[in-house]
There are 2 protein chains.
Amino acid sequence: MGAAVLRKTAEERRREIIAAAFAEFAERGLHGASTDAIAHRAGVSQPYLFRLFGTKKDLFLAAAEHCYRITLETFLRATEGKRGDEALEAIGEAYHELLSDRQKLRMQLQTHAACDDPEVRALARRGFGQLVELIERASGADPGRVRDFVAFGMLLNVMAALDVLEAEEGWPRRLMDACRDVCHEEV
Amino acid sequence: MGAAVLRKTAEERRREIIAAAFAEFAERGLHGASTDAIAHRAGVSQPYLFRLFGTKKDLFLAAAEHCYRITLETFLRATEGKRGDEALEAIGEAYHELLSDRQKLRMQLQTHAACDDPEVRALARRGFGQLVELIERASGADPGRVRDFVAFGMLLNVMAALDVLEAEEGWPRRLMDACRDVCHEEV
DNA sequence: GGAGAAAGGGAGTAATCAGTCACTACTTAC
DNA sequence: GTAAGTAGTGACTGATTACTCCCTTTCTCC
């Protein structure tokens, strides 16, 4: 009786819960977000969330892993068949694609902030390391360029957290105006 | 009777509690740290902590402000009487001084991570903005250089969080090896 | 149609934790 | 000495929260 009760596969629920967790964790961090809020956002009961993920931290790890994976995939797709400066430029553009969704930048920051936990730290090292190595490999650029490039990514994370990415004036604007050429040779 | 009960001024206690809060918040973040642990570390009761700071968030704000202030002071001292590249180089060296105490780097990261709170965000914008403006003003460098410099600072925060500042090999080492020349002209 | 598996949740529980209250002990000024 | 102020805490409390027990409902396959 009543409307059809529309059930989904566990795998699909898992994806939906990770998406909800992503949003909550990105905003409030590992300790600031509550499993209640995540379950509610995902449209499931909180017990079912625990059924599928075991612990809050495991859910956080899943969300963080997801974050690294989609970033890595975005970069891989961008650099496909490219080399050197061309590849670096392509990653730069891909970065701007990520920029449109602040959640990803903030999630990365929250992952770094949660790194006093050994498991989180291990995941972050692996995920971040893969990104750096991809940039090194695909661009073939000298270490200084790679450093500037990666560092600029970290600056973007911070700007997203401070919510000054679209600032119209002052130091945030000056920093962002100087971003156009981050993937080109300077002077 | 008994050993002298050694009392201190409220001002001194305030400083000690901020120091303890700094350590706890830097490691575990605004939501991850407990006022109990902070009070215990500071050697006071938890009620007294609340007496002096009102709320946990106010204590966090005080600790974050302290973090920005000592960083700013370090930079100011370093650039005293210097101009241009010389000033930038001096700040670079001052950065290395901060590097020796990972707590400061991590606290900055935790402050950024807590920025979904409007008060924290306001403080972070102000504090971070002052640092950027000091670097702009003291160095007189072009926007690209300033951006690279500030961005590198953010990268250091992340490296501190991942605990790879002293890595002997792999991508962390390559990134850090490329750090020597961050305050010099390249190629 | 019935048996077994898989999806899903109602109603807890134990612990943690921010914040309060009411009180004691010491210090200073007169 | 005493009054007023300041340093300091033991013992709570109400709310939140991670996590569990056990039950119901739907699907699948014979």
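At distances below 3.5 Å, not a single donor-acceptor pair connects side-chain atoms of B:Arg13 with backbone N or O atoms of B:Lys8. At distances below 3.5 Å, not a single donor-acceptor pair connects side-chain atoms of B:Arg14 with backbone N or O atoms of B:Phe53. Of the possible donor and acceptor atoms, one in the side chain of A:Lys56 sits under 3.5 Å from a partner among the backbone N and O of A:Ala33. Checking side-chain atoms of B:Arg147 against main-chain N and O of A:Asp177 turns up no donor-acceptor pair under 3.5 Å. In this structure a side-chain-to-backbone donor-acceptor pair under 3.5 Å is present from B:Gln110 to A:Ala113.
Taking atom CD of residue B:Glu11 and atom P of nucleotide D:dG8, one finds them 12 Å apart after rounding to whole Å. Rounded to an integer number of Å, the gap from CG of A:Asp36 to P of D:dC19 is 12 Å. We find that OH of A:Tyr48 is positioned 15 Å from C1' of D:dC23, with the value rounded to whole Å. Here D:dT17 presents its C1' atom at 13 Å from CZ of A:Phe25, a figure rounded to the nearest Å. In this structure, B:Leu30 atom CG and C:dA18 atom P are separated by 10 Å, rounded to whole Å. Atoms NE2 (B:His31) and P (D:dT17) sit 10 Å apart, rounded to a whole Å. One atom, CZ of B:Arg15, and another, P of D:dA7, lie 13 Å apart when rounded to the nearest Å. Separating the CD atom of A:Glu24 from the C1' atom of D:dA18 is a distance of 15 Å, rounded to the nearest angstrom.
Side chains of B:Phe60 and B:Thr111 form a contact here, defined as non-hydrogen atoms less than 4.5 Å apart. Here the side chains of A:Ile70 and A:His66 are in contact, with some heavy-atom distance below 4.5 Å.
Counting non-hydrogen atoms of other residues, nucleotides and ligands closer than 6.0 Å to NE2 of A:His40 gives a total of 12 or fewer. For A:Glu12, the CD atom sits in a packed shell: over 12 heavy atoms of surrounding residues, nucleotides or ligands are nearer than 6.0 Å.
B:Ala37 comes within 4.0 angstrom of nothing in the nucleic acid, heavy atoms only. Residue-level contact check: B:Ala33 touches the backbone only, with heavy atoms under 4.0 Å from sugar-phosphate atoms and none from bases.
Judged by atom type and distance alone, B:Gln46 does not reach the base of C:dC17 through any side-chain donor-acceptor pair under 3.5 Å.
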When you compare the protein's N or O atoms with those of nucleotides 3-6 of chain C, which come within less than 3.5 Å of each other, and at what distance?
none

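Across C:dG8, D:dG8, D:dT9, the shortest atom-to-atom separation from the side chain of B:Lys8 is found for D:dG8. With D:dT17, C:dG8, D:dG8 as the choices, the nucleotide that has an atom nearest any side-chain atom of B:Arg13 turns out to be D:dG8.
Taking a 4.0 Å limit (strictly below) on heavy-atom distances, residues 49-61 of chain B reaches DNA chain D at B:Arg51.
For B:Thr35 and C:dA18, the shortest distance from a side-chain N or O to OP1 or OP2 is below 4.0 Å.
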